[in-house]
Amino acid sequence: MSNNWKSYKPLLIPAIPDLHEISVYEKNNGYQALKKILKDRKTWSPANVVNEVKTANIRGRGGAGFNAGLKWSFMPEPDGEPRYLACNGDESEPGTFKDRKIFEFNPHQFIEGAIIAAYAMHVEVIYVYIRGEYRPFVQKLQKAIDQAYDKGYLGKKILGSDFSVEMHTHMGAGAYICGEESSLMESLEGKRGYPRVKPPFPAQRGLWGRPTTINNIETLANVPLVMNHGSDWYLEIGPSTHPGPVLYGISGHVNRPGVYEYPAGMNIMTLINEVAGGVRGGKKLKALIPGGSSTPPLRADMLEGVTMDADSLREAGSMMGTAGMVVLDEDTDIVELVWRISHFYDHESCGQCTPCREGTGWLEKTLRKMKDGNGEMRDLDLLLAICYRMEGRTICALADAAAWPVRYSIDRFRDEFEKKCKKTVYAVA
Amino acid sequence: MAETYTFDAKDLAEIEKLTAKYPEKQAAVLPVLWYAQDKFGHSDPAVQKLVSETLGVPEAHIRGVVSFYTQFYDKPMGKNVLDVCTCLSCQVCGGYDMLHYIEEKLGIKAGETTPDGQFSLQSVECLGACGYAPMLQVTNDKFVNHLTREKVDKLIEDLKAGNKPEFESNPMPQHEKGS
């Protein structure tokens, strides 16, 4: 990577004024990928589009990092009954604020990507699920969708072909869990967002029991790039095992927080020190949460040479998540921080599975006691025992997401926890 | 003194459009609750009953949905609801300082409403504006970012005068440098 990033020109959100207007997007190669596909449907049969996207290895940008094209290939053969694409703009993982940039600055690239995905999977109805807190951004996206309908990119017989697709926005109402794909489907069906037991997977039985694929907004915004330039070109951006551009959301104790677009695999210290202007107030770096609240925090001394891609972060002891990087300076109280993360998961647990419903509550209570100065050394063992009883024992990954920050923080910042705990001695009779 | 709520013909036409987006009526529960809350200011049991009758979905189901999603208000709230984010990035960038400042200024605690019914205050989970912390959201709508005491003072004056905040755009820093 070295210094190549300095000359990098953004591809997901290029610096073009008024790109959210369809006329400006069209002037800048917009909807060309869709036109190319519909013009030559022999070369670009749905199966070939799926293959091209699969080869490009667009790794899902919502957190799991699964190959998007491979996910598409799980959809069964069409049987003439409805099939759905649900676009995940729930973006509720603390530290994550990237998809809203696409809605505001380049919504058409996402819309084009979603239309191509629908074509590739024989889908005729697309739902865009967006968190309720993003109302102003939903309105922005809706305006772009209306423009796309007016120009014939959405609706019946797109660009004179026999391919038709509808796109609807659907606003959530404040529930983190609805970013989990099966919970998102429940919410779209008008219910409480309770995750579903898998299998059956959404591709087999999704919305209203029909085959459904769920993709993140940023993931879909990558699709027109692949279709315009080819998978070979795309694989050249960033590491081949985790290629493509990434929206890095950098927040916390940095001088220039914000969303930045660079290739995947950026050096973490470069992102903190050069891209985001370094730690505020000349303070020292204490820790980094690399990809949203559920990804295990890394101590500053663990960041040497680590890059923002799945492999490097796994080796370092964390995960890419949503690339929502929270930078923490030397004054950060880790116990206070982890308590607040636990408070979040306690609030957001849907309550369906006992280990999660009860476990998140106990983590929160125990950490609250600790941060208030009433903790005892044995509470650290209790916290780890609670984590053990949550991880892998629930329908969805929320319990794991709640347990990891606690487990890994105790592991990596044990001295800070111990400092807050009384050394109690219990008499043995 | 339970109030009664009704949808007029125009409302019903809008609701018809909302339900048309889905293969079955129940899917429109969230959009119709949003529509009702925008109109009535909350989703209390009387509003839930109206939504239930309009969509033909059991009242118990609507009640379950309202209680699950934090943005639906199951009782009337202040004219302006201030949702102050105190989660993660906002926590470490002074979210609680802002919350406590507003508590002091309005003379209420988080979770309460001022006696004149002008303001409700809540401490909320991540709103997705982490780079612009500390921040708050006004009544499920616009975000007010980079909060300072001065900015809070002005916001509260504006809201008292009936002026809602404008949409604040946060451009990509990369674009500003022209790189």
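To find a chain, count down the sequence lines: A is the first, B the second, and so on, and within it residues start at 1.
- In this structure, B:H175 and A:F105 have perpendicular ring planes: the angle between them is above 60°, well past the 30° mark.
- Of the listed residues A:A175, A:P82, A:G95, the one with more heavy-atom pairs under 4.5 angstrom with chain B than any other is A:G95.
- A salt bridge does not link B:E176 to A:R256: none of the charged nitrogens lies less than 4.0 Å from a carboxylate oxygen.
- B:W34 places no side-chain N or O within donor-acceptor distance of the main-chain N or O of A:G132, the cut-off being under 3.5 Å.
- Contact annotation: the side chain of B:N140 never approaches that of A:E133 to less than 4.5 Å [non-hydrogen atoms, C-beta and beyond].
- A distance-only check finds a donor-acceptor pair linking the side chain of A:R340 to the backbone of B:T86 [under 3.5 Å].
- The residue among A:G258, A:G252, A:P94 with the most heavy atom pairs within less than 4.5 Å of chain B is A:P94.
- Interface residue A:Y84: only side-chain heavy atoms are found under 4.5 Å from chain B.
- The line from CG of B:L30 to SG of A:C178 is 7.5 Å long, rounded to the nearest 0.5 Å.
- B:F68 CZ to A:Y194 OH: the interatomic distance, rounded to the nearest 0.5 Å, is 6.5 Å.
- To the nearest 0.5 angstrom, A:W208 atom CH2 is 7.0 Å from B:E24 atom CD.
- B:F143 has its side chain out of reach of A:P136: every pair of non-hydrogen atoms, C-beta onward, lies at least 4.5 Å apart.
- The minimum heavy-atom distance linking B:Q174 with A:P10 is given by the pair NE2-CG, 3.8 Å.
- Counting non-hydrogen atoms of other residues, nucleotides and ligands closer than 6.0 Å to NZ of B:K109 gives a total of 12 or fewer.
- Side-chain N or O atoms of A:R135 include none that pairs as donor or acceptor with a backbone N or O of B:D141 at under 3.5 Å.
- Using a 4.5 Å cut-off between heavy atoms, A:E166 does not touch chain B at all.
- Within 6.0 Å of CD in B:E103 there are more than 12 heavy atoms belonging to other residues, nucleotides or ligands.
- Donor-acceptor pairing under 3.5 Å is lacking for the side chains of A:H168 and B:Y22.
- Within the 3.5 Å criterion, the main-chain N or O of A:H347 finds no donor-acceptor partner in the side chain of B:E125.
- Contacts between B:A129 and chain A at a heavy-atom distance below 4.5 Å involve backbone atoms as well as side-chain atoms.
- At least one donor-acceptor pair under 3.5 Å links the side chain of B:Q71 to the backbone N or O of A:G174.
- Between B:S67 and A:R192 the shortest heavy-atom distance is OG-NH1, 3.3 Å.
- A donor-acceptor pair is defined here as one N or O able to donate and one able to accept, closer than 3.5 Å; no such pair exists between the side chain of A:E93 and the backbone of B:G128.
- The choice from A:H253, A:K98, A:Q139 that makes the most heavy-atom pairs within less than 4.5 Å of chain B is A:H253.
- If you tally non-hydrogen atom pairs under 4.5 Å between each of B:D83, B:I62, B:D38 and chain A, the highest count goes to B:D38.
- Of the listed residues (B:V29, B:L88, B:V124), the greatest number of heavy-atom pairs within a distance under 4.5 Å of chain A belongs to B:L88.
- Interface residue A:R100: only side-chain heavy atoms are found under 4.5 Å from chain B.
- Under the 6.0 Å distance and 45° angle rule, A:K140 counts as a cation-pi partner of B:F167.
- Looking at A:S187 and B:Y69, their side chains do bring a donor and an acceptor atom within 3.5 Å of each other.
- Using a 4.5 Å cut-off between heavy atoms, A:Y176 does not touch chain B at all.
- Proximity to chain A is absent for every atom of B:V57, based on heavy atoms less than 4.5 angstrom apart.
- Between atom OG1 of residue A:T169 and atom NZ of residue B:K21 there is a gap of 4.0 Å, rounded to the nearest 0.5 Å.
- The CG atom of A:L188 lies 12.0 Å from the CD atom of B:Q26; values are rounded to the nearest 0.5 Å.
- Expressed to the nearest 0.5 Å, how far CD1 of A:I13 lies from CE of B:M172 amounts to 4.5 Å.
- For the options A:L337, A:T96, A:T332, heavy-atom pairs under 4.5 Å to chain B are most numerous at A:L337.
- Within a 6.0 Å radius of NZ in B:K154, no more than 12 heavy atoms belonging to other residues, nucleotides or ligands are found.
- Of all the heavy atoms in A:R280 and B:C93, the pair that sits closest is NH1-SG, 4.0 Å.
- At a 4.5 Å heavy-atom cutoff, the contact between A:I177 and chain B is made by side-chain atoms alone.
- Chosen from A:G351, A:S293, A:G193, the residue pairing most often with chain B at heavy-atom distances under 4.5 Å is A:G193.
- Nearest heavy atoms, A:V259 versus B:P173: O-CD, 3.5 Å.
- Scanning all heavy atoms of the two residues, the minimum distance from B:S89 to A:S251 falls at OG-OG, 2.7 Å.
- For A:K191, the parts sitting under 4.5 Å from any heavy atom of chain B are the backbone and the side chain alike.
- Although no hydrogens or angles enter the test, the distance criterion places no donor-acceptor pair under 3.5 Å between the side chain of A:H343 and the main chain of B:C87.
- Among A:E91, A:E336, A:M171, the residue making the largest number of heavy-atom pairs under 4.5 Å with chain B is A:M171.
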